[in-house]
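First up is the structure itself, then whatever we jot down about it.
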Amino acid sequence: MDMKRIRRTQQSPTIPPDMENDGGIYRAAAERKHRGQMFRLAMALVVFLVFLLLMVAISGFHRNLSFNQLRQFTERGHFEINAGVRKEFLESSKFPEAKEDKFLGGLLASGFDEQSCLSRYQFTSYGKPSPHSPSDYLLQRLRKYEQLHQKCGPNSDLYNRTVDQLKRGSSSVTTECRYVVWISYSGLGNRMLTLTSAFLYALLTNRVLLVDRGADMTDLFCEPFPGTSWLLPLDFPLSQFKSFDINSPESYGNMLKNKVISNTAAGASRSSLPSFIYLHLGHDYREHDKLFFCEDDQDLLRTIPWLVLRSDNYFVPSLFLIPTYEEELHQLFPKKDTVFHHLSRYLFHPTNSVWGLVTRYYQSYLAKADERVGVQIRVFETESGPFQHVLDQVVGCTQKQKILPEVSQEQTIIAAPLKKSKSILLTSLSSGYLEILQNMFWVHPATSGEIISFHQPSHEEHQQTEKQMHNMKAYAEMYLLSLTDVLVTSAWSTFGYVAQGLGGLKPWILVKPENRTTPDPPCILAMSMEPCFHAPPFYDCKAKQGVDTGELVPHVRHCEDMSWGLKLVDRDEW
């Protein structure tokens, strides 16, 4: 038998040969049947994919995951989606809650080029959401200020007109545009505190804040206001303003002292007022300079088109003691201890260079930990350390407050049912504390069985205020500290004040040592997350005599770390 013929017969189709050749009728019918089957299969696949996406959307798991966790979840292969679809899916996973949080509850304005300042909207992808919501009135005032800044900002017609008046020495008041010029002065922490103070003062007095760019302001901070700039133009006519100090004849205090102007109703002749006044509010200011915080003096200063301000202090608490601004401040900040928290998150956005330092370090050393602890060590000594009494204080504080576990001297291995990990972010000018603490938890196990790791981004040995990279690292470390869950800071340190305010954290404050001995107790819990005003005035403007300004109102109290300082607390009653 012909085997080839048998194989051909066995493999023949079910449709008889005569049907295949009958004018194409049966072939067409078969093709239509085949297309119908493929269509039904395609529709079933589409329905299945839609059903899968709906199940993902309604399952609710995204409400329990941060965006970063969701991204890690997909990257580990739990969803087999091509790169383009996955990106679209992740973008669609930013639900209304996340979109609102991107703008910090409405604190930030839209309309910025996101790529030019990645930190502005990426900040919320790191750390925990803030439990402190800005008031509706604060949001309204910020939007109103942004409109004012666009109208009166650098190179606008109104700005140019007011500058021309300044050049002529005219004291004519431009009702639409008045300015406060902030002079870049002191260390980075001090600058951020004083800049926040100056902005709040501008907000209260309907002035436009212009910022002296100093040596590195453009390297550190993005522009905070949409459609305009906060940087003082380089051709600003008062070229000598950077040299203003306590002895400058243009200062408000010296003008009062020398009777060039008068703050009394009878003596305040508006026709003889200068076109600008220098406000010296540094730590070394004198009695006449401190009259800035009196109501009558604010009435006079309101008529001056240009105020040039130099300070190294967070003077916000004393603004709360000026009756003129009392009601406005209450509406802006119903919770009195959130002033710096809200305004710093509104104003300060690291440039992409600084943000790169923050994100790379966070993702490398902190992101995977179950808990993140920040410890900021600032020693006010001529030597850089490490000092044994400071080390004993840090260990004593963190162990007493159960921030760090104790170590076992007897056991070599301690098993724990759940291996919780803690990443300790340490910031200090000295690397010595890191080495000792790392060795302590390497040689001996933690009694809790926790996995403890220590990380220190830099150790510059000495503060180098005028060096660009030094300040970039310092700024990055402030932000990293603000992203921790628990924070320990050093007394008197403006570096720590900025970190706690940005993070909305009440820190444990390491008490300032005396005579190189460890304090007892080693640390105390802060009353609020607000910074301390280190050099407040002690003067009753009405009675014209000295007074304890920390005992006038319940929400302005003396600081925990500096007994003569003032800070805001969230308290309406004694």
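Computed from a predicted structure; not experimentally measured.
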Original post:
Could you give all pairs that pass the salt bridge (Lys or Arg N to Asp or Glu O under 4.0 Å) test and reach residues 121-132, with sequence neighbours left out?
Top reply: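 Residue pairs passing salt bridge (Lys or Arg N to Asp or Glu O under 4.0 Å), neighbours aside: Lys128-Asp485.
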**OP:** Sort and list the pairs that fulfil salt bridge (Lys or Arg N to Asp or Glu O under 4.0 Å) and have at least one residue in residues 490-517, not counting sequence neighbours.
**Re:** Glu381-Arg516, Glu383-Arg516
Original post:
Who are the side chain to side chain contact (heavy atoms under 4.5 Å, CB included) partners of Ala474, not counting sequence neighbours?
Top reply: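 Side chain to side chain contact (heavy atoms under 4.5 Å, CB included) check on Ala474 returns Leu188, Phe495.
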Check this for me: does any side-chain nitrogen of one of [X] and [Y] sit under 4.0 Å from a carboxylate oxygen of the other?
X      : Y      : value
Lys420 : Glu371 : yes
Asp570 : Lys335 : yes
Lys422 : Asp370 : no

Subject >> Partner set under side chain to side chain donor-acceptor pair (under 3.5 Å) for Tyr201, not counting sequence neighbours >> reply: Gln298
**OP:** State which residues pass side chain to side chain donor-acceptor pair (under 3.5 Å) with Ser135; sequence neighbours excluded, sorted by chain then number.
**Re:** none
**OP:** Could you tell me whether Tyr539 and Phe293 have their ring centroids closer than 6.0 angstrom?
**Re:** no
Give me the ring orientation class for [X] and [Y]: parallel if the planes are under 30° apart, tilted from 30 to 60°, perpendicular past 60°.
X      : Y      : result
Phe333 : Phe320 : tilted
His132 : His341 : perpendicular
Tyr479 : Tyr475 : perpendicular

Throw together a table of side-chain donor-acceptor distances under 3.5 angstrom for residues 405-417, partners on residues two or more places apart or in other chains.
residue : atom : partner : partner atom : Å
Ser408  : OG   : Glu410  : N            : 3.4
Ser408  : OG   : Gln411  : N            : 3.1
Gln409  : OE1  : His444  : NE2          : 3.4

Does [X] have any ring pair (Phe, Tyr, Trp, His ring centres under 6.0 Å) partners at least two apart in sequence or in another chain, and if so, which?
X      : answer
His558 : none
Phe244 : Tyr278
Phe441 : Phe454
Tyr346 : Phe199

Donor-acceptor side-chain pairing of [X] and [Y] below 3.5 angstrom:
X      : Y      : value
Gln376 : Thr427 : no
Asp289 : His280 : no
Tyr497 : His534 : yes
Ser528 : Glu530 : no

Taking all atoms of both residues into account, what is the closest heavy-atom pair of [X] and [Y], and its distance?
X      : Y      : value
Pro224 : Leu347 : CB-O, 3.5 Å
Ser421 : Lys368 : OG-O, 4.1 Å
Arg345 : Leu104 : NH2-CD2, 3.3 Å
Gly189 : Val498 : O-CG2, 3.9 Å

Subject >> Distance under 6.0 Å and angle within 45° of ring axis: Arg120 vs Phe123 >> reply: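 Output no; distance or angle outside limits.
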Original post:
Cation over ring, Lys567 on Phe533, under 6.0 Å and within 45°?
Top reply: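 No; the conditions do not both hold, so Lys567 does not lie above the ring face of Phe533.
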**OP:** Supply the atom-to-atom distance Ile183 CD1 to Leu210 CG, rounded to the nearest 0.5 angstrom.
**Re:**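 Result: 12.5 Å between the selected atoms.
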Original post:
Which pairs, with at least one residue in residues 391-402 and sequence neighbours excluded, count as a side-chain hydrogen bond (donor to acceptor under 3.5 Å, both in side chains)?
Top reply: Gln388-Asp392
Between [X] (side chain only) and [Y] (backbone N and O only), is there a donor and an acceptor less than 3.5 Å apart?
X      : Y      : answer
Tyr365 : Ser453 : no
Gln456 : Ser458 : yes
Thr489 : Ile509 : no

**OP:** For Phe292 and Tyr252, run ring-ring contact (aromatic ring centres under 6.0 Å, His included): C-alpha distance rounded to whole Å, both residues' side-chain angles, the deciding distance at 0.1 Å, then the answer.
**Re:** CA-CA 8 Å; Phe292 167 83; Tyr252 183 61; 7.7 Å; no
Subject >> Qualifying disulfide bond (SG atoms under 2.5 Å apart) pairs with a residue from residues 339-436, counting only residues at least two apart or across chains >> reply: Cys397-Cys523
Original post:
Looking at side-chain heavy atoms only, is the closest gap between Leu200 and Leu329 below 4.5 Å?
Top reply: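 In short, these two side chains touch, coming nearer than 4.5 Å.
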**OP:** Answer yes or no: is there a side-chain heavy-atom contact under 4.5 Å between Leu566 and Ser318?
**Re:**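 Yes - at least one pair of side-chain heavy atoms lies under 4.5 Å apart.
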